[in-house]
Amino acid sequence: MSNDVEIGRGRQATVGYSFDDIAIVPSRRTRDSADVSTTWQLDAQLLEAPIIGAPMDSVTSPATAITLGKLGLLGVLDLEGLWVRYSNPEPLLAEIAALPDDSVHLRMQEIYREPIKPELIRARLQEIRDAGVTVAGALSPARTQEHWKTVVDAGVDIFVIRGTTVSAEHVSSNREPLNLKRFIYELDVPVIVGGVASYQAALHLMRTGAAGVLAGFGGGATSANRRTIGVAVPMATTVASVAAARREYMDETGGRYVQVIADGQVSTSGDLVRAIACGADGVMLGTALARATDAPGRGFHWGNEAYNKKVVRGERAPVEQVGTLEQIINGPSLDASGRTNFVGALRHAMAMTGYSDVKEFQRVGIVTGRG
């Protein structure tokens, strides 16, 4: 059945649903929350919950990557961020948080003009490794060819290639594009790549051999893509479409499973629950973790769209600090805003609907009030 509507004579649009448009449905069975498992097997890494910290300077520093790792989760360091441009970025992080709105973008462009230093990439990844936690780093597609060897030689357990839109067939007339299929095949570490918003684009990325695909464009509260370039995705529909591509790819390959990770608009614990109900194996959290009192953004959140040299399409967004990283992940909750105790909320939702693990929970019933 087509999900298209006519928006004008001869022009159609596809109907999409956001996480706010849907809810999960309790079943006839419930389960004690103590009998529920939230663990996630991400390639060789067993995580305590299906949560990844986004590779954004306001979210993940070496220190917060270590904190997340010790909580049994995964923090991904932005290997194009301040931590690999400056030996001590703390004063600059404080300056960005204090900048007035009318000068923030220009000053951020100046700050991020400092070159990336391979020796700092090695040092930051080693710092995380020395703490005994899983090491993950992220590059954009544009920077991957320049820095991937430094990253792999430094030792990462998981390599993330993350951009606003990543395709397996990028066309460029001014530089050789990254051949994802050849690149991933030749690497000896699992690669997570994205974002994507459609079934077909996700299927193409899965065929490159990626261990995981990011569904969505990230950015969340910091992104102005809709306003500046007219691009936005309804995340419930996006995650469900990418999960459908995974099923197709499993049929093609005789069972090879690719992780689907929701990246964008997962701001509350309810969004986490609904993302998994739509078919995600895990979520990448940006805004939700930027609210931590120990997050490097100091009450602000931004991504690389905010200092893009050509088209600024992101914001330095203020976020209310609601507790430590540990409280946001494991509670306790002090209110019903859904901004703390993400793991507890997921566990409760699974128990309420009778599912024992995250993979089973992807089959939970969903309703929408639209249509």
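Since this is a predicted model, take the numbers as computed values, not measurements.
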Look up atom CG in Leu334 and atom CZ in Arg339, then write down how far apart they are to the nearest 0.5 Å.
10.5 Å
In the hydrophobic clustering that connects Ile, Leu, Val, Met, Phe, Trp and Tyr at side-chain heavy-atom distances below 4.5 Å, which members other than Ile158 occupy its cluster, ordered by chain and number?
Trp40, Leu42, Leu47, Ile52, Leu74, Val76, Val160, Ile192, Leu214, Ile261, Met284
Gap between atom CG of Leu205 and atom OG of Ser198 - 0.5 Å precision:
9.0 Å
Should Arg9 and Glu6 count as an ion pair when the cut-off is N to O under 4.0 Å?
no
Are Glu90 and Arg298 within salt-bridge range, i.e. N to O under 4.0 Å?
yes
Kindly determine whether Thr67 and Lys70 satisfy side chain to side chain contact (heavy atoms under 4.5 Å, CB included), including the steps that lead there.
CA-CA 5 Å; Thr67 297; Lys70 291 185 174 179; 6.0 Å; no
If you round to the nearest 0.5 Å, how far is CD1 of Ile328 from OG of Ser333?
10.5 Å
Arg113/Glu110 salt bridge by N-O under 4.0 Å criterion
no
Could you give all pairs that pass the ring-ring contact (aromatic ring centres under 6.0 Å, His included) test and reach residues 124-150, with sequence neighbours left out?
Trp148-Phe183
Quick check with a 6.0 Å cut-off and a 45 degree axis cone: is Arg274 positioned over the face of Phe19's six-membered ring?
no
What do the steps show when you test Arg85 against Glu80 for salt bridge (charged side-chain N to carboxylate O under 4.0 Å, His left out), and what is the final call?
CA-CA 7 Å; Arg85 296 174 189 263; Glu80 300 174 31; 5.2 Å; no
Transitive ILVMFWY cluster of Val367, excluding itself - 4.5 Å side-chain cut-off
Val25
Minimal heavy-atom distance between Ile111 and Leu82, with the atoms involved, is CG2-CD2, 3.5 Å
Would you say Glu326 has more than 12 foreign heavy atoms packed within less than 6.0 Å of its CD?
no
Could you measure the distance from the CH2 atom of Trp302 to the CZ atom of Arg316? Nearest 0.5 Å is fine.
8.5 Å
With a 4.0 Å cut-off on N to O distance, would you call Arg129 and Asp157 a salt bridge?
yes
Under the salt bridge (charged side-chain N to carboxylate O under 4.0 Å, His left out) rule, what do Asp153 and Arg122 come out as? Steps first, then yes or no, please.
CA-CA 8 Å; Asp153 289 349; Arg122 290 189 287 268; over 6 Å; no
